[in-house]
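All chains are named by letter (A, B, ...) in the order of the sequence lines, taking the proteins before the strands, and each is independently numbered beginning at 1.
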2 protein chains.
Amino acid sequence: MSQAFGPYVRERREAKPTKEFSLRRVAGRVGIEPSYLSKIERGEQPPPGEETIQRIAKELGEDPDVLLALAGKVSADLLKIIRERPALIAELLRAVRRTPAKRIAHAVREIRDGEW
Amino acid sequence: MSQAFGPYVRERREAKPTKEFSLRRVAGRVGIEPSYLSKIERGEQPPPGEETIQRIAKELGEDPDVLLALAGKVSADLLKIIRERPALIAELLRAVRRTPAKRIAHAVREIRDGEW
DNA sequence: CGAAACGTGTAGTATGTTCTACACACTATG
DNA sequence: CATAGTGTGTAGAACATACTACACGTTTCG
């Protein structure tokens, strides 16, 4: 669960063209110790907490949900959505487990735009 | 988050007609210390871990997802479903956030049975 | 009435999570 | 070449999570 997150972040960060994305500067803007980010990127430490991951995502222009998933986590706001109607949403999630992306996207459109 | 779980479990357990549902016996079958269950039911301790909640749910015939929600948690298998396709499922969940239950149930049926 | 079962109080413990602080050796640059 | 910046190593620490072990007084019931 934690071996994918670090290297991915490193790769994304190093893909940036400017010197503004040195490990130390990114760590500084994210608000963590450089040594901590270093260990995380090399997978020596497990991924940081959600808030820190959100800031890393913003900093690197990555999708927070994807980054959180790589860290084995799920965004707190999604958890809240589930907890508000657990039986219903659990049913929905288990229904989409093996559903092709196309079909889910179609359902999203229907839900949003109203299908009647 | 934790003040609802305990009392709800207590109420459900005490609603059982037989002596097989004494705190001690339930704790025994669930595999935890009676004093621990006692404290949980009175909200003196936070809810137990997911596995324990699952066993309590089974023992009392309750919906595990609902019990987990009362404990401020979400089932690990649902988290896995999200983590497998984070962007897509996150979009789906945020789309259903304020959608009436009826409409979600309709979408579930469509997803399951195929709407074309 | 005595033993078994009851619920609860007290006192811990093991493990995981999420970080900080600082020193070090190397590299790039003005 | 001095200095600023780089990534990393070591050593922890604060806090949360998820429990156990056992003793105590009370109630139930054969």
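- For the pair Ile53(A) CD1 and dC19(C) P, the interatomic distance rounds to 9 Å; values are reported in whole Å.
- The CD1-P distance, from Ile40(B) to dG9(C), rounds to 14 Å in whole Å.
- Side-chain contact annotation: Tyr8(B) with Glu62(B), donor-acceptor N/O pair under 3.5 Å present.
- Between Arg42(B) and dT8(C) there is a side-chain N or O to OP1 or OP2 distance below 4.0 Å.
- Side-chain nitrogen and oxygen atoms of Ser22(B) include at least one within less than 4.0 Å of the OP1 or OP2 phosphate oxygen of dG7(C).
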What do the steps show when you test Glu84(B) against Lys80(B) for salt bridge (charged side-chain N to carboxylate O under 4.0 Å, His left out), and what is the final call? CA-CA 6 Å; Glu84(B) 278 163 0; Lys80(B) 184 155 171 278; 3.3 Å; yes
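- Residue Arg10(A) places at least one side-chain N or O under 4.0 Å from the OP1 or OP2 atom of dT8(D).
- Rounding to the nearest 0.5 Å places CG of Leu92(A) at 10.0 Å from CZ of Arg85(A).
- In this entry the distance linking CG of Leu23(B) with C1' of dA5(C) reads 12 Å, nearest Å.
- Looking at Arg25(A) and Ser22(A), their side chains come closer than 4.5 Å, going by heavy atoms from C-beta outward.
- By the 6.0 Å and 45° rule, Arg29(A) stacks over the aromatic ring of Phe21(A).
- For Ser38(B), no side-chain nitrogen or oxygen approaches OP1 or OP2 of dG7(C) to under 4.0 Å.
- Under a 3.5 Å cut-off, the side chain of Glu50(B) and the backbone N or O of Ser75(B) do not form any donor-acceptor pair.
- Taking atom CD of Glu41(A) as the reference point, atom C1' of dG7(D) lies 10 Å away to the nearest angstrom.
- Environment of NZ in Lys58(A): sparse, with no more than 12 heavy atoms of neighbouring residues, nucleotides or ligands closer than 6.0 Å.
- The interatomic distance linking Leu68(A) (CG) with dT18(C) (P) rounds to 11 Å, in whole Å.
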Treat primed atoms plus P, OP1 and OP2 as sugar-phosphate and everything else as base, then score nucleotides 16-30 of chain D 5' to 3': B for base contact with protein heavy atoms under 4.0 Å, S for sugar-phosphate contact only, - for none. --SBBBBB-------
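- Remark: Arg13(A) is not in phosphate contact with dT6(D), judged by side-chain N or O atoms under 4.0 Å from OP1 or OP2.
- In this structure, Glu14(A) atom CD and dT6(D) atom C1' are separated by 12 Å, rounded to whole Å.
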